[in-house]
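In what follows, a structure is listed as structure tokens, so that the remarks can point back to it.
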Amino acid sequence: MEEKNNKKTIWAWCMFDWANQSYNMVITSTIFPAYYVGITANTRYGKNMVSFFGHKFVNTVLQNYILAVSYLLIVLLLPILTSIADYRGAKKLYLQLFTWVGALACAGLFFLKEGGPIEFGMICFGLATIGYCGGFVFYNSYLPQIATLDKQNDVSAKGFIYGFAGSIVVQLVCLVGVLFHDSFGITEDMGARISFIIVFLWWIGFAIIPFKILPKGQPNAGSHKFNVFTGGFKELAKVFGKIKNMPLVKRFLPAFFFYSVGVQTIMLVAAEFAAKELHMKDDDLITIILIIQVVAIIGAWLTSLASNKYGNTKSLIVLVVFWTFTCLSVYYISNQNQFYVAAFAVGIVMGGVQSLSRSTYAKLLPQNIPDTASYFSFYDATEKLSIVVGLAVFALVEDYTHEMRDSALALDCFFVVGLVLLIALFAAEKKAKNVPTTLQAEIG
């Protein structure tokens, strides 16, 4: 059994978040979306139209389709892959595999050019998403392995803080080439393309630290001899059977799903809303996203302090209430100043709700279990499925009403349902015998 609360191991674990958030900032939120929309604004297929393997799409619609398909693939594959990883003791190997796929795919985006075919570039965009999401599952599954129950809130928050800080640094590095491209004798487009190479180098470069230091994990095959796929499915079935007998876990996952629909979707469409509804410029959008990341660091830290004092469930309820009113306010936003206020509010609760959700789930699980990747596959599949549902609902409502503000109202309904389920979880926790307020696992 590996020593828990080891400072070096925890630091290495946090450095993985420092490394992979370069994708989340540059590829998902800022430079790549702006670059992609720019090079596809006027093509031979029409304004904002692209061709993907002979089929025409609106540029942003194709981008969202690829994101949705990538998340769906993760939802379908990871429960199997994580169970195999636990069965073979190969959690660290899969962490490395997905990281290399994601980082190399970011480098592949360099070849996406204006006027050229987009198929290879958009496939790389999808693979980068799969690499990022897949690596995060195995990264998350280390939390109960490296930290004791009383330290998991703090360690989880520390990971997110490292991630937010790293994303800010790499964003500033990439912006140098984009904003000051003339000084380097390159075009603005080339500056953007070079930033994709920077993400590759940053991601895989800093990921070497956790690759070297994090424990490998031990096989969990028992005395039986299965081939890798049979063993994986048997491990998955075993974990699912255990989760069915954990009342608090069964209550937490649906609540997590519903409020994650709102949280994850808002983070993905915030920039799009500002551009379309408020006509904000790219420079302003990047500034806002940087502000959100900085504020999120503070939010994650404050949430860790609050959860240690008042308990995880109470803190989550407060955060989701805050999210509910913030999402509702989007319907009434009419100018940039109001959007800045809303963005600040989102930043405060964004890091906190993500960090606390992860540590709460870790606390609900039986302690010192060897198959943490399989358990966390259910958590991560729930989160990724919430993204698919959120994007679909947001797009369908906008398509029907032609108003993104109506889509925001639809998302708010998910927050309300998630809040009700969290309150029910809190009530169940109070009734459960021998379950501390810090939400220790009820094995059933």
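This chain uses plain numbering: 1 for the first residue, then up along the sequence. Please read these numbers as outputs of a predicted model, since none were measured by experiment.
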Checklist entry - Which is it for Arg358 and Phe160 under the side chain to side chain contact (heavy atoms under 4.5 Å, CB included) test, yes or no, and what are the steps along the way? => result CA-CA 10 Å; Arg358 179 170 63 188; Phe160 274 102; 3.2 Å; yes
On a heavy-atom basis, which atom in [X] and which in [Y] lie closest, and how many Å separate them?
{"X": "Asn153", "Y": "Ser355", "answer": "O-OG, 4.2 Å"}
{"X": "Ala362", "Y": "Gln152", "answer": "CB-OE1, 3.4 Å"}
{"X": "Ile31", "Y": "Gln171", "answer": "CD1-NE2, 3.5 Å"}
{"X": "Thr303", "Y": "Gly352", "answer": "OG1-CA, 3.2 Å"}
{"X": "Trp203", "Y": "Ala19", "answer": "O-CB, 3.4 Å"}
{"X": "Asp154", "Y": "Ser304", "answer": "OD1-OG, 2.5 Å"}

Do [X] and [Y] have side chains that get closer than 4.5 Å, going by heavy atoms?
{"X": "Leu419", "Y": "Ile423", "result": "yes"}
{"X": "Tyr162", "Y": "Trp11", "result": "yes"}
{"X": "Met350", "Y": "Ile292", "result": "yes"}
{"X": "Phe256", "Y": "Leu316", "result": "no"}
{"X": "Leu62", "Y": "Phe125", "result": "no"}
{"X": "Ser407", "Y": "Val393", "result": "no"}
{"X": "Ile74", "Y": "Leu77", "result": "no"}
{"X": "Val249", "Y": "Tyr361", "result": "yes"}

Checklist entry - When the ring planes of Tyr379 and Phe252 are compared, do they come out parallel, tilted or perpendicular, using 30° and 60° as the limits? => result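 Geometry flag for Phe252 against Tyr379: parallel rings.
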Checklist entry - Parallel, tilted or perpendicular: which describes the rings of Phe32 and Tyr35, with under 30° parallel and over 60° perpendicular? => result tilted
Got a list of side-chain donor-acceptor pairs under 3.5 Å for residues 324-331, not counting sequence neighbours?
from, atom 1, to, atom 2, distance (Å)
Thr324, OG1, Val320, O, 2.7
Thr326, OG1, Phe322, O, 2.8
Ser329, OG, Thr326, O, 2.5

Please enumerate all residues that pass ring-ring contact (aromatic ring centres under 6.0 Å, His included) together with [X], with sequence neighbours excluded.
{"X": "Phe200", "result": "none"}
{"X": "Phe258", "result": "none"}
{"X": "Phe16", "result": "Tyr139"}

If we count only N and O atoms by modelled type, under 3.5 Å, do the side chains of [X] and [Y] hold a donor and an acceptor together?
{"X": "Asn5", "Y": "Thr148", "answer": "yes"}
{"X": "Gln264", "Y": "Tyr259", "answer": "no"}
{"X": "Ser141", "Y": "Gln145", "answer": "no"}
{"X": "Asn59", "Y": "Gln63", "answer": "no"}

Checklist entry - Where do Leu95 and Phe211 land on the side chain to side chain contact (heavy atoms under 4.5 Å, CB included) test, with the steps shown first? => result CA-CA 8 Å; Leu95 181 75; Phe211 291 170; 4.2 Å; yes
Checklist entry - With a cut-off of 6.0 Å (strictly less than), are more than 12 heavy atoms of other residues, nucleotides or ligands near NZ of Lys314? => result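 No, not enclosed.
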Checklist entry - When you look at OH of Tyr65, are more than 12 heavy atoms from neighbouring residues, nucleotides or ligands closer to it than 6.0 Å? => result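 Counting neighbours around OH of Tyr65, 12 or fewer heavy atoms of other residues, nucleotides or ligands fall under 6.0 Å, so no.
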Checklist entry - Between OH of Tyr23 and CG of Leu109, what distance do you get to the nearest 0.5 Å? => result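 If I round to the nearest 0.5 Å, the distance is 9.5 Å.
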Item to check | Reported CD-to-CG distance for the pair Glu429 and Asn312, which is rounded to 0.5 angstrom | outcome: 8.5 Å
Next on the checklist: I'd like to check the side-chain contact (heavy atoms from CB on, under 4.5 Å) partners of Ala306; sequence neighbours left out, ordered by chain and number.
Outcome noted: Tyr310, Ser315
Next on the checklist: For residues 408-428, which residue pairs pass the ring pair (Phe, Tyr, Trp, His ring centres under 6.0 Å) check, not counting sequence neighbours?
Outcome noted: Trp323-Phe415
Item to check | Polar side-chain atom of Arg251 near backbone of Leu421 as donor-acceptor pair, under 3.5 Å | outcome: no
Checklist entry - Is the charged tip of Lys91 near the ring of Tyr142: under 6.0 Å from the six-membered ring centre and within 45° of its axis? => result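 Geometry flag: set, cation within 6.0 Å and 45°.
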